[in-house]
Amino acid sequence: MIETINLKKQYGTFEAVKDISLTVSPGEIYGFIGPNGAGKTTTISIMGGILAPGSGTVRICGIDMTDEPEAAKRKIGFIPDRPYLYEKLTAIEFLKFTADLYHMKTPFADKAEGLLDLFSLKPWGHHLIESFSHGMKQRLIMVGALLHDPEVLIIDEPMVGLDPSGQKMVKGLFRDLADKGATIFMSTHTLSVAQEVCDRVGVIHEGKLIATGTTEDLQLQTGAAQSDLEEVFFRLTREAEAPAAQHL
């Protein structure tokens, strides 16, 4: 459902993404973790068609993002880490605009109302977005991403701005969507969320994918069989930094 092959992105002389290749299967939740500046958001933006890669290939449901960007993007629900919205629209107007972009065939009103209700936004459907809190805007972005029943969800920091009840609901929703066949690729700084929700995890460090597998796979790789994902993460990133330190 998601495939990247030798993905690279460079800004001037800085290599933000270095030769990343990975695959994510139908019904899988794949967590993408790494330190600040590791290349998570750049990779996710390329997958979502927001950024063009310097080189390499992204395929969504077998569709090449470079050759057929519109067809690939129609398969995706993209949730950025910051809710960029036109705040002079109401929530319903924003969702109608989103539905038109995706040429939705299902009845718009019932779907929009059901999702607004699920995300506790139904009473605010006809309010201007500028009156929303950050958390409400983040929930509205999620509603927009789910509106067209995407086969693939690409999410950058899904829990940002959500209160504990919202986080619990979103984690349950992601698991339910995956159980129904959707593919979810999500970055997160919250390692406990990755460990709780994700089927597999990829660790990115300085633009490179340094490890991927289940939590158990990574525990075995690092010799941290009884440790949580946080300790595994620290061991992997320390090991990745060690060869560079030897050359200083």
* Asked: Hey, what's the ring geometry for Phe185 with Tyr30, parallel, tilted or perpendicular (30° and 60° as the breaks)?
  -> parallel
* Contact check, side chains of Glu87 and Phe132, non-hydrogen atoms, under 4.5 Å -> no
* To do: Tell me whether Phe174 is reachable from Val201 by hopping between hydrophobic residues (I, L, V, M, F, W, Y) whose side-chain heavy atoms are closer than 4.5 Å.
  => no
* To do: Can you measure from CD1 (Ile2) to CZ (Arg59) and round to the nearest 0.5 angstrom?
  => 14.0 Å
* Under a 4.5 Å cut-off applied to non-hydrogen side-chain atoms, are Met104 and Thr98 in contact? -> no
* To do: Enter the distance from Leu85:CG to Phe94:CZ here, rounded to the nearest 0.5 Å.
  => 5.0 Å
* Side-chain heavy atoms of Leu116 within contact of Leu140, under 4.5 Å -> yes
* **CD1 on Ile20 to CD1 on Ile204, rounded to 0.5 Å** => 3.5 Å
* Structure fact -> Residues Met1 and Thr183: closest non-hydrogen pair is CG-OG1, 3.1 Å
* Asked: So, for Pro150 and Ala145, which heavy atoms are closest and what is the spacing to 0.1 Å?
  -> CG-O, 3.3 Å
* **Derivation and outcome, side chain to side chain contact (heavy atoms under 4.5 Å, CB included), residues Met136 and Ile129** => CA-CA 9 Å; Met136 292 169 68; Ile129 295 169; over 6 Å; no
* To do: Could you check if a side-chain atom of Val17 sits within less than 4.5 angstrom of a side-chain atom of Lys8, using non-hydrogen atoms only?
  => no
* Asked: Does Lys111 NZ have over 12 foreign heavy atoms under 6.0 Å away?
  -> yes
* **Leu236 versus Gln221, closest heavy-atom pair with distance** => CD2-NE2, 3.6 Å
* Structure fact -> Taken to the nearest 0.5 Å, the spacing of Thr212 OG1 from Arg200 CZ works out to 5.0 Å
* For the pair Asp217 (side chain) and Thr214 (backbone), establish whether a donor and an acceptor sit closer than 3.5 Å, ignoring hydrogens and angles. => yes
* Is a side-chain N or O of Thr42 found less than 3.5 angstrom from the main chain of Gly39, in a donor-acceptor match? -> no
* Do the side chains of Tyr86 and Phe78 join up, straight or via other hydrophobic residues, at under 4.5 Å, putting them in one cluster? -> no
* **From Asp228 atom CG to Ser192 atom OG, the distance as rounded to the nearest 0.5 Å** => 9.0 Å
* Asked: Pro80 and side chain to side chain contact (heavy atoms under 4.5 Å, CB included): which partner among Ile154, Ile141, Val160?
  -> Ile141
* To do: Please test Leu146 against Leu153 for side chain to side chain contact (heavy atoms under 4.5 Å, CB included), starting from the C-alpha separation and ending with a verdict.
  => CA-CA 8 Å; Leu146 294 168; Leu153 276 174; 3.8 Å; yes
* To do: Quick one: do Thr4 and Thr43 satisfy side chain to side chain contact (heavy atoms under 4.5 Å, CB included)? Show the steps, please.
  => CA-CA 10 Å; Thr4 71; Thr43 303; 5.7 Å; no
* Do Leu22 and Val152 share a hydrophobic cluster (ILVMFWY, side-chain heavy atoms under 4.5 Å, transitive)? -> yes
* Does the ring of Tyr11 carry Lys9 above it, NZ/CZ under 6.0 angstrom from centre and within 45° of its axis? -> yes
* **Test log, rule salt bridge (charged side-chain N to carboxylate O under 4.0 Å, His left out), inputs Asp163 and Lys168** => CA-CA 9 Å; Asp163 60 23; Lys168 182 179 180 181; over 6 Å; no
* Asked: Tyr84 and Tyr102: same hydrophobic cluster, using ILVMFWY side-chain contacts below 4.5 Å?
  -> no
* Structure fact -> Looking only at heavy atoms, the pair that brings Ala178 and Ile29 closest together is CB-CG1, 3.7 Å
* **Whether over 12 other heavy atoms sit under 6.0 Å from Lys18 NZ** => yes
Please output the side-chain donor-acceptor pairs of residues 62-77 that fall under 3.5 Å, not counting sequence neighbours, one pair per line with the distance.
from	atom 1	to	atom 2	distance (Å)
Asp64	OD1	Thr66	N	2.8
Asp64	OD1	Asp67	N	3.2
Lys73	NZ	Gly49	O	3.3
Lys75	NZ	Glu151	OE2	2.9

* What are the two closest heavy atoms between Ser187 and Ile44, and how far apart are they? -> CB-CD1, 3.5 Å
* Structure fact -> Nearest heavy-atom approach of Leu147 to Leu95 is CD2-O, 3.3 Å
* Is Met159 close to Val197 at the side-chain level, that is, under 4.5 Å between some pair of heavy atoms? -> no
* Compare all side-chain heavy atoms of Lys96 with those of Leu89 and state whether any distance is below 4.5 angstrom. => no
* To do: Quick one: pull up CG in Leu191 and OG1 in Thr188 and give me the separation to the nearest 0.5 Å.
  => 7.0 Å
* To do: Answer yes or no: is there an ion pair linking Glu231 with Arg235, defined by an N-O contact shorter than 4.0 Å?
  => yes
* Asked: Do Thr190 and Gln167 touch side chain to side chain, with heavy atoms closer than 4.5 Å?
  -> no
* Asked: So, do Thr57 and Asn6 sit near enough that their side-chain heavy atoms are less than 4.5 Å apart?
  -> no
* Should Phe32 and Met186 be regarded as members of a common hydrophobic cluster, given that ILVMFWY residues are connected when their side-chain heavy atoms come within less than 4.5 Å of each other, either directly or indirectly? -> no
